[in-house]
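Keep in mind that what you see is a predicted model, and the values were worked out from it rather than measured.
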Amino acid sequence: MFVVFLMPLSNKTKKPRQAKLKNEKLQKVLAREGMGSRREIEQWIREERVSVNGVVARLGDRVDAKDRLLVDGELIATETNTTKKSRCIIYNKPVGQICTRKDPKKRRSVFEDLPKLSSGRWISVGRLDYNTSGIMLFTTDGNLANSLMHPSSQIEREYVVRVRGRVERKNLENMVSGVMFEDGLARFTDIQPGGGDGSNRWFYVVVMQGRNREVRRLWESQGLTVSRLKRVRFGPLIIPSKLRRGDWMEVSVPQKEKLYQMTGSQRDKII
């Protein structure tokens, strides 16, 4: 009589334990800390301004809470708790301010009027040009800023515009149908009359992207001139009548919740 001993198959096929993967992409971690938008940080990585544990970072690097991160030689203290509170404010930009932090011409920046932060920095969700006024959104959450600025977010931006010239029905139809520029097709998703007569008329217009001078270029494509332009709404945020030019106010928790929901971000970050 023969006895055969069979070894368990599970022991033969068991795979070696794999090393635990790093938690998140480097640019995502730095964006959450308010260092900038993901797009900005990706450019810093290309410029070799970021290092991880003493090694120059590369696009695609992933990090966790134990890693030592430096930007321009400055140590970044990362927050391991995913419920870290973010802040969002709206700002009523006046005409005559730039939306960058530094300017060779020494013009006043919108960042000079924002509240000081103990850590991180304010990130602008899009920009307004020098001669445009109205609502701007700033946040300390770079991931939220990146999501809100991404074309896939399809967030409405509403402007009130004063136009010089004779506006024909065909002009309005052209701008709703779309005008092809070098950087792609641009269009208004809605145009509503806002009053006025003669050669100076007001309109409310809505665009879904934040391209450079998009509203002005659309009107100029019809041989018309924009003499005044103000953004009055960004997504669910409407500029309050009580918010004076050059002032800011905190975005309420319910409003912040809407912003995170629109981008599919984690809800616990807004508490």
Side-chain angles (χ1 to χ4, degrees), residues 37 39-40 89-114 122-139 145 148-149 151 155-167 171-172 174-176 178-235 237-249:
S37 69
R39 190 175 304 171
E40 288 177 313
I89 59 173
I90 56 174
Y91 176 68
N92 188 356
K93 176 191 176 296
V95 169
Q97 288 188 347
I98 61 170
C99 294
T100 55
R101 298 178 188 275
K102 296 180 181 180
D103 179 45
K105 298 181 181 179
K106 305 299 182 182
R107 293 173 294 183
R108 187 170 182 82
S109 168
V110 293
F111 291 95
E112 296 178 42
D113 291 335
L114 305 186
W122 291 113
I123 302 166
S124 170
V125 181
R127 299 178 179 182
L128 293 177
D129 65 41
Y130 186 75
N131 293 315
T132 301
S133 63
I135 187 171
M136 291 189 67
L137 175 64
F138 293 85
T139 178
L148 290 171
M149 288 186 285
I155 294 176
E156 291 186 342
R157 298 155 171 86
E158 184 174 356
Y159 295 79
V160 57
V161 53
R162 185 174 66 188
V163 180
R164 288 179 184 169
R166 186 176 180 83
V167 181
N171 300 136
L172 304 180
N174 290 341
M175 291 184 289
V176 170
V179 178
M180 183 60 71
F181 296 118
E182 291 182 358
D183 55 349
L185 184 70
R187 60 184 290 267
F188 292 134
T189 58
D190 190 29
I191 304 178
Q192 296 295 330
D197 52 24
S199 61
N200 283 286
R201 294 178 59 188
W202 291 88
F203 294 89
Y204 287 92
V205 298
V206 176
V207 293
M208 302 295 287
Q209 297 185 43
R211 291 182 187 173
N212 183 40
R213 299 186 70 255
E214 183 174 11
V215 175
R216 294 181 187 275
R217 287 191 293 161
L218 277 166
W219 287 101
E220 289 168 0
S221 72
Q222 305 303 304
L224 301 164
T225 301
V226 172
S227 59
R228 188 173 176 184
L229 182 62
K230 179 178 182 179
R231 186 161 67 189
V232 294
R233 180 170 63 88
F234 181 89
L237 305 176
I238 300 173
I239 191 166
S241 57
K242 64 180 180 180
L243 186 63
R244 297 179 299 179
R245 285 175 294 179
D247 284 352
W248 61 272
M249 66 184 298

How long is the straight-line distance from [atom2] of [Y] back to [atom1] of [X], given to the nearest 0.5 Å?
X: Trp248; Y: Asp113; atom1: CH2; atom2: CG; result: 11.5 Å
X: Ile155; Y: Arg233; atom1: CD1; atom2: CZ; result: 10.5 Å
X: Leu137; Y: Phe234; atom1: CG; atom2: CZ; result: 6.0 Å
X: Arg107; Y: Thr100; atom1: CZ; atom2: OG1; result: 7.5 Å
X: Arg245; Y: Ile239; atom1: CZ; atom2: CD1; result: 10.5 Å
X: Met175; Y: Phe203; atom1: CE; atom2: CZ; result: 7.5 Å

Are [X] and [Y] close enough that some pair of their side-chain heavy atoms sits under 4.5 Å apart?
X: Val163; Y: Thr225; result: no
X: Ile89; Y: Leu114; result: yes
X: Phe138; Y: Ile90; result: no

[atom1] ([X]) with more than 12 external heavy atoms under 6.0 Å:
X: Arg217; atom1: CZ; value: yes
X: Tyr204; atom1: OH; value: no
X: Arg101; atom1: CZ; value: yes
X: Arg162; atom1: CZ; value: yes

Residue that, paired with Thr132, satisfies side chain to side chain donor-acceptor pair (under 3.5 Å) out of Arg231, Arg216, Lys230: Arg216

Please identify which of these residues, Glu220, Arg187, Gln222, meets the side chain to side chain contact (heavy atoms under 4.5 Å, CB included) condition with Val179.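 Filter result, single survivor: Gln222.
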
Side chain to side chain contact (heavy atoms under 4.5 Å, CB included) partner of Asn171, chosen from Val176, Ile191, Leu224: Leu224

Which class fits the ring pair Phe188 and Trp219: parallel under 30°, tilted 30 to 60°, perpendicular over 60°? tilted

Give the minimum heavy-atom separation between Met149 and Gly126, together with the two atoms involved.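 Result for this residue pair: SD-N, 3.3 Å.
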
In plain terms, say whether Lys242 and Asp247 are close enough for a salt bridge, that is, a side-chain N and a carboxylate O under 4.0 Å apart. no

Short side-chain donor-acceptor distance under 3.5 Å, Glu214 and Asn212: no

